[in-house]
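Quick caveat, the model's predicted, so the values are computed rather than measured. Below, read A as the first sequence line, B as the second, and so on, with proteins coming before strands; counting in each chain starts at 1.
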There are 2 protein chains.
Amino acid sequence: MARKTANRRVGITDVAQRAGVSLASVSRVMNGNFSVDPDIAARVRAAAAELNYHPNAVGRSLALGKTDTIGIVVPDLANPTFQGMLRGVSRAAAQDGYRVLIADSSEVSSEESILAGEARRRCDGVVLCAPRMNEAELEALLPSLQPLVLINRSTADTQTPSLVVDYGQGIQDLAAHLVELGHTRLVFLAGPERSAGNQARLQGLEKFRVDHPEVELTTLPAGSSFEAGHVSAVAVLATGATGVLAFNDLVAMGLLSGLHERGVDVPGDISVTGFDDIPFANYTTPPLTTAAVAINDIGEQAWHELRQLLGDGDPEPAHTTFQPELKRRGSTGRVKKPTLS
Amino acid sequence: MARKTANRRVGITDVAQRAGVSLASVSRVMNGNFSVDPDIAARVRAAAAELNYHPNAVGRSLALGKTDTIGIVVPDLANPTFQGMLRGVSRAAAQDGYRVLIADSSEVSSEESILAGEARRRCDGVVLCAPRMNEAELEALLPSLQPLVLINRSTADTQTPSLVVDYGQGIQDLAAHLVELGHTRLVFLAGPERSAGNQARLQGLEKFRVDHPEVELTTLPAGSSFEAGHVSAVAVLATGATGVLAFNDLVAMGLLSGLHERGVDVPGDISVTGFDDIPFANYTTPPLTTAAVAINDIGEQAWHELRQLLGDGDPEPAHTTFQPELKRRGSTGRVKKPTLS
DNA sequence: CGAAATCGAGAAAACGTTTTCTGGAAAGGT
DNA sequence: ACCTTTCCAGAAAACGTTTTCTCGATTTCG
């Protein structure tokens, strides 16, 4: 390793030398270890200040066996949901002096496992949000990631806490809300097929169907983005439905935009619901009725679980379910005229 | 350090022992070093596989003097602009096998310097976006962060590349666009006072004033969030202006929402412009006229600059300026009636 | 006053790698 | 056939800390 410009980096050795003490003493002083002569401590501190010494994190990590860093794997940093999660984790972890290493798998499931492994090797623990990874692969990966908390995936493994959102219940609440407003012809704009969240919504809707046999509910493949919602506008209109359950807020916003372009009034002609309650949902025109997911709380909670795991005890890992909360806003309204059938 | 459950972690030593070779050979094999006997290589690989060995990143970092990690300091992870930047940096860095450590300063400038320093100590380099930090503090901090690229801050230091957006020009373009549409009474919804970006916009508008003495331009303090824009609606209406230059897209969207609630038609009664062209800007009703900032490109470019610095050569650090691009959309239109004056 | 207990600072081992150094064997040249 | 060069595997140093261990000095107690 070519030493650039003589000895550039100032280490603990330099401080020790300058203060005329041993390495050990410097280390003790730097770590606030008592039982060290005040005079020595002062000399060390002075030397450290003069040399502008800052302990090397890597050396420290090696000696201590911890990095004070956790990894978080998300499918897509462009998605507000994962951004919120990341933010929640990051802020909470920062409170405890931990930093966060991010890994964006770009929605490709093969990357998810690689990134998770790599992140784990660099960090003390991992928060894994991998909705696409298949069940078997996940189970196989679990042991090697060990201090780990799962988001929106469940596992039999008793070691790993998991935080899941009850998408099934949320979508039922939204559907029920529409029915309450008199809608009897609904359409669901589905998300990515392989997505665990989409599966959960579909199951919820299945349950809804048996509870409300009088409601006509069709499903249209869409996606999880603005564009997906935007291009779905025409298909939605073709169904003649008066209420739309979009996969998430992004799709709903895209749809809102598409409907607006076609002169369709929301909620006058059609009611639209989203999912997640991203910050923007409150500021669309009209404001979006949606199922609020406390995504920041989930991130925060994820950190707290992980912190438990990193600490000593193994206090039963929690398997927490978050209930979405229905937010009634302007994008849903009473059905104008009963559907002719 | 208490070894948990006998020897848990499998290290290079275990592999060497199992393969019946020395540490050095294992290391050579793992790093694809040629000039190692094929037989030995095979044995090592087999042993590594059997033991499920993965090299310890910290040990590796210490020996190599590099972490393959960069830090990025942003003021607020909730802001779409910084989210985009982060995403750009992260994706680009990932392409080259680097990971990103995030530090969210929560908009407090004192944190910015601490976090930057800490990030630098853990990583090989830093991307710093610290709009609030004062000039002096920044200059003082620069040397200690050295492989570093600045975003939206300039510096005399020739060592550090910086990427800045020409907010001054962008806001002038937007203003000119409104003038072109016949507006003569404009209002600027200002951002946070201390923000460098806000200063740049104000300077641009000053220039605009001298170029267009016929236009009446007032400034209203607002902020950088939805809420800021939302609550500004009444103040904006009070000015009697027909064109509004919002600090950014968030403020514009909040304003749009506030105006809608009051039954004010956009762009019929008032034209509104944003800034940044965040992904949502395309899907508001009406779609937002704004100045597009290629924020993902900036993130990507930031990584490329940093990669240069991390590599050997010192090929003059670029000081790049990004020009916003005017996006004409539905939120601006011809002024309905000439302002009486 | 002497021996045991206490204390604190320095020497050295440890963390898990990579890489230089070294020495023995094989290969090549005269 | 002998000497020199080449090659490659293993030993050891290095990276920058923390922490255990050791040992001399000071204190305390009998």
J.: Could you state the CG-C1' distance from B/Asp37 to D/dC7, rounded to the nearest angstrom?
T.: 12 Å
J.: Give the rounded distance in Å between these two atoms: CG of A/Leu62 and P of D/dT17.
T.: 12 Å
J.: Is A/Arg91 salt-bridged to B/Asp76, cutoff N-O under 4.0 Å?
T.: yes
J.: Would one find a side-chain N or O of B/Ser27 under 4.0 angstrom from OP1 or OP2 of C/dT17?
T.: no
J.: Between C/dA9, C/dG10, D/dC15, spot the one nearest the side chain of A/Ala24, thanks.
T.: C/dG10
J.: So, does A/Tyr53 get its side chain near the phosphate of D/dG16, meaning an N or O under 4.0 Å from OP1 or OP2?
T.: no
J.: What is the distance from CG of A/Leu23 to P of C/dG8, rounded to the nearest Å?
T.: 20 Å
J.: Check the distance between C/dC7's P and A/Ile40's CD1 and give it to me in whole angstrom.
T.: 17 Å
J.: Rounding to a whole Å, what distance do you find between A/Leu64:CG and C/dG16:P?
T.: 13 Å
J.: Which of the following nucleotides, C/dG10, D/dT17, D/dA9, is nearest to the side chain of B/Ser25?
T.: D/dA9
J.: Among C/dT17, C/dT20, C/dG10, find the nucleotide with the atom closest to the side chain of A/Arg28.
T.: C/dG10
J.: Is any NZ, NE, NH1 or NH2 atom of the basic residue among A/Glu107 and A/Arg132 found under 4.0 Å from an Asp or Glu carboxylate oxygen of the other?
T.: yes
J.: With the side chain of A/Ala63 defined as its heavy atoms from C-beta on, choose the nearest nucleotide among D/dA9, C/dT17, D/dT17.
T.: D/dT17
J.: As a test of reading the structure: which of D/dG16, C/dT18, D/dG10 is closest to the side chain of A/Asn56, going by heavy atoms?
T.: D/dG16
J.: Dot-bracket, 5' to 3', for DNA chain D please: Watson-Crick or G-U pairs under 3.5 Å, [ ] where pairs cross earlier ones, | where the partner sits on another strand, dots elsewhere.
T.: ||||||||||||||||||||||||||||||
